[in-house]
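As structure tokens, the structure follows; a few thoughts come after it.
Just so it is clear, the values below take in all heavy atoms, side chains as well, and ignore hydrogens, waters and symmetry mates. Start at 1 and go down the list; that is how both ligands and their atoms are numbered.
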Amino acid sequence: MVRFRPSLMRLPRYAPARTLPGGVVPAGSESPHGLLPKVAETLPRPAGDVSRCPDMSATALLQAIAEHHGVAPERIVVGAGSSEVCGQLLHSVVGPGDEVVFGWRSFEAYPILTEIAGGTAVRVALREHVLDLDAMAEAITDRTRLIFVCNPNNPTSTAVGERALRDFTDRVPEEVLIVVDEAYREYADPALVPDALELLGDRPNVVVLRTLSKAYGLAGLRVGYCVAPPEIAAHVCKAQVPFSVSALAQQTAVIALGEHAEVARRAALTVAERERVTLRLRGLGLDVPDSQTNFVWLPLGAGSGHFAMHCLDGRVVVRPLLGEGVRVTIGLPEENEVLLTLVASWTG
Ligand SMILES: *Cc1c(COP(=O)(O)O)cnc(C)c1O
């Protein structure tokens, strides 16, 4: 069983206010005057009254996510983006001095959120731009409480396969929480990259993170979630900032989840462009790892900053990670062409 913080085990679950459609509810300490007229004019029209607190248990959203994955709603925890869910997971298991293991480089939020939670970040070097799961398993000590497996990995775009992920999970003690972050799942080739929920969904210490910020195009609204064993979800819920997922975000996310066919269609367009751009970049002499995401990783090392400046001069914004590489997001075909032209004119 995953080791939770003793203080969390003692915490009660927050009791949401009762809802009574059409009734008077002086229970939520909101203003009784409704939306400010100016706000009402400019806000996209929400289905309910956003002058009231949102559904704290996000019932409709949990139901929609549960249906989306074919799991029980008791297994879902939502947050304002999956970054917030990362925080909830950390706050659930990490106490002072406890260790959190992740590959490096990986998602920038991991070390920040780990430190905020009072934990100690343990960064394990990638191997050929890919998570080194063997080294990550070897980095586990009796202080390790949580491991982030970003698959595919941001910013290097690479993924680990089914066998490697299963073998890794087998090596991790059951009291250590494994968080498989699948923020880019919609762009991954299902024949090469396992769906951790399908592969490991029955494990007592595996949680899968997903977000509506990437392929679902809702990054500004902040909705993410994890699918966990029900006992874990029940504890992790308690670490949530109350009402962090706004009413507008909840309603919009439900609609977005219903559009998964359109999401898949758009993701396929991006994947086709990604493959085209990768080939062109390799043709230009760059050593580009196989991407399973909506970006490519250019391991330019010391040239990364210079390349980013060169792109800026051409009015293209890329993401340099100084001394290591540059993350380039796949855009529309004409945008990608501009980037390719800039690569061709770069003299290093
Ligand atoms: C973008 C991203 C997230 C989540 O973003 P949210 O907007 O907080 O949902 C999580 N993990 C990785 C690896 C990401 O790249």
Side-chain angles (χ1 to χ4, degrees), residues 58 61 65 68 76-91 100-114 116-117 121 123-124 126 129-131 133 136 146-160 165 177-188 193-197 206-228 236 239-241 244-246 248-250 252-254 256-257 263 267 270 274 289 291-297 318-321 324-330:
L61 178 55
I65 295 167
H68 185 68
I76 316 289
V77 183
V78 292
S82 57
S83 310
E84 189 183 62
V85 183
C86 286
Q88 289 170 233
L89 292 163
L90 287 161
H91 287 293
V100 176
V101 172
F102 45 83
W104 199 251
R105 230 174 227 281
S106 191
F107 187 36
E108 283 175 291
Y110 299 153
I112 298 168
L113 293 168
T114 297
I116 292 171
R123 297 169 172 83
V124 178
L126 304 186
H129 315 299
V130 182
L131 291 181
L133 292 179
M136 287 168 73
L146 187 149
I147 306 177
F148 285 113
V149 177
C150 189
N151 199 38
N153 189 45
N154 175 10
T156 59
S157 81
T158 57
V160 294
L165 190 58
L177 189 62
I178 302 173
V179 179
V180 186
D181 184 346
E182 298 189 331
Y184 299 95
R185 176 68 204 164
E186 291 81 3
Y187 302 105
V193 187
D195 173 332
L197 192 56
V206 174
V207 166
V208 181
L209 268 182
R210 295 282 185 96
T211 179
L212 277 82
S213 291
K214 305 287 155 62
Y216 280 83
L218 286 182
L221 263 184
R222 316 301 308 135
V223 185
Y225 60 92
C226 71
V227 186
V236 174
Q240 185 176 15
V241 175
S244 69
V245 185
S246 73
L248 200 55
Q250 292 185 30
T252 314
V254 170
L257 284 167
V263 169
T270 296
R274 177 188 79 203
S291 171
Q292 293 292 337
T293 60
N294 64 338
F295 50 82
V296 289
W297 175 244
V318 293
R319 180 95 173 83
L321 296 155
E324 295 177 52
V326 179
R327 190 184 70 193
V328 179
T329 304
I330 299 297

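At least one N or O atom of Arg222 sits closer than 3.5 Å to an N or O atom of ligand 1. For Tyr110, no nitrogen or oxygen atom sits less than 3.5 Å from a nitrogen or oxygen atom of ligand 1, counting backbone and side chain alike.
Here is the list of ligand 1 atoms found below 4.0 Å of a heavy atom in Ala183: 2 (C), 3 (C), 10 (C), 11 (N), 12 (C), 14 (C). Against a heavy-atom cut-off of under 4.0 Å, Thr211 is close to the following atoms of ligand 1: 6 (P), 9 (O). In the vicinity of Asn154, heavy-atom distances shorter than 4.0 Å reach the ligand 1 atoms 13 (C), 14 (C), 15 (O). Residue Gly81 approaches ligand 1 through these ligand atoms, each under 4.0 Å from one of its heavy atoms: 6 (P), 8 (O), 9 (O). Near Phe107, with a cut-off below 4.0 Å to any heavy atom, the atoms of ligand 1 are 2 (C), 3 (C), 10 (C), 11 (N), 12 (C), 13 (C), 14 (C), 15 (O). Below 4.0 Å from some heavy atom of Tyr184 lie the following atoms of ligand 1, by number and element: 1 (C), 14 (C), 15 (O).
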Full working for side chain to side chain contact (heavy atoms under 4.5 Å, CB included) between Val207 and Leu177 = CA-CA 7 Å; Val207 166; Leu177 189 62; 3.7 Å; yes
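Separation of atoms CZ (Arg274) and OG (Ser157) is listed at 8.0 Å; rounding is to 0.5 Å.
Asn154 and Arg327 share a side-chain donor-acceptor pair at under 3.5 Å. Asn153 and Ser106 share a side-chain donor-acceptor pair at under 3.5 Å.
Protein heavy atom closest to atom 2 (C) of ligand 1, with residue, atom name and distance, is Lys214 NZ, 2.4 Å. Here the heavy atom of the protein found nearest to atom 4 (C) of ligand 1 is Ser82 OG, 3.0 Å. Nearest non-hydrogen protein atom to atom 8 (O) of ligand 1 is Ser83 OG, 2.5 Å. Among protein heavy atoms, the minimum distance from atom 11 (N) of ligand 1 is reached at Asp181 OD2, 2.6 Å.
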Table please: side-chain donor-acceptor pairs of residues 81-88 below 3.5 Å, with sequence neighbours left out.
unit_1	atom_1	unit_2	atom_2	d
Glu84	OE1	Ala80	N	2.8
Glu84	OE1	Ser244	OG	2.6

Determine all donor-acceptor pairs shorter than 3.5 Å in which one atom belongs to a side chain in residues 213-223; sequence neighbours excluded.
unit_1	atom_1	unit_2	atom_2	d
Ser213	OG	Thr211	OG1	3.2
Lys214	NZ	Tyr184	OH	3.1
Arg222	NH1	Ala219	O	3.1

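At least one donor-acceptor pair under 3.5 Å links the side chain of Asn151 to the backbone N or O of Val160.
Taking the six-membered ring where tryptophan is involved, the planes of His129 and Trp297 are perpendicular, since the angle between them exceeds 60° and thus also 30°.
If you look at Cys150 next to ligand 1, the close heavy atoms, those under 4.0 Å, all belong to the side chain. Counting heavy atoms under 4.0 Å from ligand 1, residue Ser213 touches it through the side chain alone.
Side-chain atoms of Leu126 and Leu131, non-hydrogen and from C-beta on, do get closer than 4.5 Å to each other.
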